[in-house]
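Every chain is numbered from 1, with letters handed out A, B, ... down the list of sequences.
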Amino acid sequence: MKVLPRSFYSRDTVKVAKDLLGKTLVRKINGYTLAGIITETEAYRYKDDPASHAYRGITERNKAMFGEVGKAYVYFTYGMYYCFNVVAKSQRVDAGAVLIRALEPQKGITKMIRNRNTALVSNLTGGPGKLTQSLKITKSQYGEDLAKHSTLYITEGVPPNKVVLGPRIGIRTATDKLWNFKIKV
DNA sequence: GCAGAGATCAGCT
DNA sequence: GCTGATCTCTGCC
């Protein structure tokens, strides 16, 4: 399967979020492969988006959002969980990223079960904190290049059937922006 | 099956 | 000091 080129991420953040649905996220660890189809994403932009980490400017944590597109922005939240984003923005904008909220497990499901310590497949990758645990994504993947073969990258997948949009989850401001995208499984 | 507390880090109004 | 782009475990309030 072909790795998505960097130009894919060099477009408006909201468009990239929508287009990432149905693509495949691949994670290589010690020679084995974990993979899942992206089923839910959210767009986070910059100055026009009060809910975005980048809204108040660059910090030690969010500096990846201001860097090169197609790289991973991983952050630690609520004291215990990592969330996984892809840096994506048009040329005119300084910062932006797409949060990967959910996956449909494809490869290495038994490994994911071990990583997560649960027997339920439905509990593996159904949320941002869960999928990072299943795929062993931590701060060491911060800045990883997703546009080339490495230990973490995104390939082409299946065109999504039906896309559902809605307000983003877990935020208080900018809930009028319908920047959450998901597909039916 | 569902509501509520707890875990505990980085960045703030 | 409080709040959050979260999840799990508890108790039935």
Note: contacts of residues 51-60 of chain A with DNA chain B (heavy atom, under 4.0 Å) are R56(A), T59(A), E60(A)

What residues 107-139 of chain A contributes to the DNA chain B interface at heavy-atom separation below 4.0 Å is none

Just call it for [X]: base, sugar-phosphate, or nothing, with non-hydrogen atoms closer than 4.0 Å on any strand.
X: N62(A); value: nothing
X: R168(A); value: nothing
X: Y78(A); value: base
X: L99(A); value: base

Quick one: are the ring centres of Y75(A) and Y73(A) less than 6.0 Å apart? yes

To the nearest 0.5 Å, atom OG1 of T13(A) lies from atom CG of L99(A) at 12.5 Å

Look at atom [atom1] of [X] and say whether more than 12 heavy atoms of other residues, nucleotides or ligands are closer to it than 6.0 Å.
X: Y55(A); atom1: OH; value: no
X: D176(A); atom1: CG; value: yes
X: D48(A); atom1: CG; value: yes

Minimum heavy-atom distance between [X] and [Y], given as atom pair plus value:
X: L25(A); Y: L135(A); result: CD2-CD1, 3.6 Å
X: R172(A); Y: T175(A); result: O-CG2, 3.9 Å
X: Q133(A); Y: Y81(A); result: NE2-CE2, 3.5 Å
X: S134(A); Y: L124(A); result: OG-O, 2.7 Å
X: K18(A); Y: T41(A); result: N-OG1, 4.4 Å
X: Y44(A); Y: D49(A); result: CA-OD2, 3.4 Å

Anything under 3.5 Å between a protein N or O and an N or O of nucleotides 1-3 of chain B, put it in a table, one pair a line.
none

Review point. Can D94(A) and K47(A) be counted as an ion pair, charged N to O under 4.0 angstrom?
Key: no

Taking pairs as Watson-Crick (N1-N3 plus N6-O4 or O6-N4) or G-U wobble (N1-O2 and O6-N3), each distance under 3.5 Å, the stems of three or more consecutive pairs with DNA chain C are B:1-7 with C:6-12, B:9-12 with C:1-4

Spacing of the C1' atoms in dT8(C) and dA10(B) (rounded, Å) | 22 Å

- Item | Same-atom distance (P) from dT13(B) to dA5(C), integer angstrom | 12 Å

Min and max contacting nt of DNA chain C in 5' to 3' order, chain A heavy atoms within under 4.0 angstrom, are dG4(C) to dT8(C)

- Is the NZ or CZ atom of K111(A) both under 6.0 Å from the centre of the six-membered ring of Y32(A) and within 45° of that ring's axis? yes

For N180(A), the side-chain contact (heavy atoms from CB on, under 4.5 Å) test, sequence neighbours excluded, returns E40(A), E42(A), R101(A), R168(A), I169(A), K182(A)

Verdict with reasoning, R45(A) to D12(A), per salt bridge (Lys or Arg N to Asp or Glu O under 4.0 Å): CA-CA 9 Å; R45(A) 296 211 301 207; D12(A) 178 72; 2.9 Å; yes

Before giving the answer on salt bridge (Lys or Arg N to Asp or Glu O under 4.0 Å), spell out for R6(A) and D145(A) the whole-Å C-alpha distance, their side-chain angles and the decisive distance to 0.1 Å.
CA-CA 9 Å; R6(A) 194 170 315 281; D145(A) 195 348; 2.7 Å; yes

